[in-house]
2 protein chains.
Amino acid sequence: MVRQPSVAAQNRPPLTRERIIEAALHIVDGQGLGRLTMRRLGDALQVEAMAIYHHMPRGKEELLDGLVSHVAVFPARPPAGEDWRRALREWATAYRARLTAHSGVLPLVVTRRNPAALSDTAASLREILRRAGLPEGAAADGAHALLGYVIGQTALELRGPSPGEPPTDWDARFTAGLELILTGLSSRARRP
Amino acid sequence: MVRQPSVAAQNRPPLTRERIIEAALHIVDGQGLGRLTMRRLGDALQVEAMAIYHHMPRGKEELLDGLVSHVAVFPARPPAGEDWRRALREWATAYRARLTAHSGVLPLVVTRRNPAALSDTAASLREILRRAGLPEGAAADGAHALLGYVIGQTALELRGPSPGEPPTDWDARFTAGLELILTGLSSRARRP
DNA sequence: ACCTGAACACCGTTCAAGT
DNA sequence: ACCTGAACACCGTTCAAGT
């Protein structure tokens, strides 16, 4: 038999950063963050684990940062008309849904020293508040308050139910807390 | 020479859950969560790593849960007089300081499915809001909004500065966001 | 009852080698 | 340029054995 070791390599799509991150997200979503290992990721991509390092020289650190960027970059769309509160509500609801859908990545979003991944999202919120009439500093503070609330509240929700307490309607609770912040923001806006 | 292998064992304090958790917290505070291993923890306690399992049958899982309880259980003190806002401000400031002092544990606080660790804290906030005149449901929602905000905002802060932006006054930003929520809560209280 | 030490089945990563 | 495979220095945990 003539050895043709490159057949398998030719019949599969080339390894790219994007394919690697997608495969990693699939593992985390399906099996949890703890089961994401370089060896398992290599298996999923039909490649030796070490091949990943060729596309991500910083190794697993770079992989986890990539997951955070992939999930957490989520800018808000500016309001079509004047209703900035509605635009913020829609963003908050959609962002929470995204974080919930990739709950295994949330620990990384909260934890990793990867500020760039959130600064685009924060900037989009700041701009909406600025146009609503808040002074520059108050708009920046408000943007981070919203971001911190959504991330923190979603993390609390995903921690699971407290055994002694009645089951919580987390949708309602999330909305109620969000309205607290929006009320506070309204009192500081030019167009409340 | 007569073998006396128990000399070292007799000259050291007995291993307890509390000593184990304190030693673990010391490692996490000093070297980071990533360097907390059972073997290193054993070294710090002058004991084989396997001895820890005798006090914590669930192993590292139980150890991490213990760290969360040790750091995150932090009930608010009720106001001496009528000023419930001040009581909440003091709690939020102190809780943020505690989380910042043990920043390596924050990922665990946010992440671990260990709801009991936060339910005492949430209950203390709920009680303050209830006495301030909020209806039962609104008090529970408000308590979780405060908790989610403090944890989320502190996590954002500890992620580090965004490279492009001017340096942030996180103290001022934290206070500003907190006041947004307090404003919202005041509009729903009997005694605003 | 409490602790030890060897062993097992994993990790992430380096490095020389292959094509 | 891209991938492989062996090797290294670690992990958490099981288990039989010691005192």
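Lettering follows sequence order; numbering is per chain, from 1. Keep in mind that the numbers below use all heavy atoms, side chains included, and drop hydrogens, waters and symmetry copies.
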How would DNA chain D look in dot-bracket form, 5' to 3', counting Watson-Crick and G-U wobble pairs with both distances under 3.5 Å and writing | for bases paired to another strand?
||.|||||...|||||.||

For A/Tyr53, which residues count as a ring-ring contact (aromatic ring centres under 6.0 Å, His included) partner, sequence neighbours excluded?
none

Return the residues of residues 41-55 of chain A meeting this criterion: a heavy atom under 4.0 Å from some atom of DNA chain D. Order them by number, or give none.
A/Val47, A/Glu48, A/Met50, A/Ala51, A/His54, A/His55

Please list residues of residues 14-32 of chain B whose heavy atoms come under 4.0 Å from any atom in DNA chain D, ordered by number; otherwise none.
none

Got a sec, which pairs hit ring-ring contact (aromatic ring centres under 6.0 Å, His included) with one end in residues 102-121 of chain A, sequence neighbours left out?
none

Distance, rounded to the nearest Å, where [X] contributes [atom1] and [N] contributes [atom2]:
| X | N | atom1 | atom2 | result |
| --- | --- | --- | --- | --- |
| B/Met38 | C/dC3 | CE | P | 13 Å |
| B/Glu62 | D/dG12 | CD | C1' | 15 Å |
| A/Leu33 | C/dC11 | CG | C1' | 14 Å |
| A/Leu63 | C/dT13 | CG | C1' | 14 Å |
| B/Lys60 | C/dC11 | NZ | C1' | 12 Å |
| A/Arg58 | C/dT13 | CZ | P | 10 Å |
| A/Leu36 | C/dC10 | CG | P | 16 Å |

Side chain to side chain donor-acceptor pair (under 3.5 Å) contacts touching residues 152-161 of chain B (sequence neighbours left out)
B/Arg96-B/Glu157

Of all heavy-atom pairs between B/Gly177 and B/Tyr149, which one has the smallest distance, and what is that distance?
CA-OH, 3.2 Å

Within the structure, does a side-chain N or O atom of B/Arg39 lie under 4.0 Å from either OP1 or OP2 of D/dT13?
no

[X]: what forms a salt bridge (charged side-chain N to carboxylate O under 4.0 Å, His left out) with it, not counting sequence neighbours?
| X | answer |
| --- | --- |
| A/Glu127 | A/Arg130, A/Arg131 |
| A/Glu90 | A/Arg86 |
| B/Arg89 | B/Glu179 |

With sequence neighbours excluded, tell me which residues meet side-chain contact (heavy atoms from CB on, under 4.5 Å) with A/Arg40.
A/Gln31, A/Arg35, A/Thr37

Can you name the side-chain contact (heavy atoms from CB on, under 4.5 Å) partners of B/Ala176, sequence neighbours left out?
A/Asp141

Taken to the nearest 0.5 Å, the spacing of A/Leu125 CG from A/His144 NE2 works out to 9.0 Å

Qualifying salt bridge (charged side-chain N to carboxylate O under 4.0 Å, His left out) pairs, either residue in residues 54-63 of chain A, two or more places apart
A/Arg17-A/Glu62, A/Arg58-A/Asp65, A/Glu61-A/Arg112

For A/Arg40, answer base if it contacts any base atom (sugar-phosphate contacts may also be present), sugar-phosphate if it contacts only those atoms, and nothing otherwise; contact means non-hydrogen atoms under 4.0 Å.
sugar-phosphate

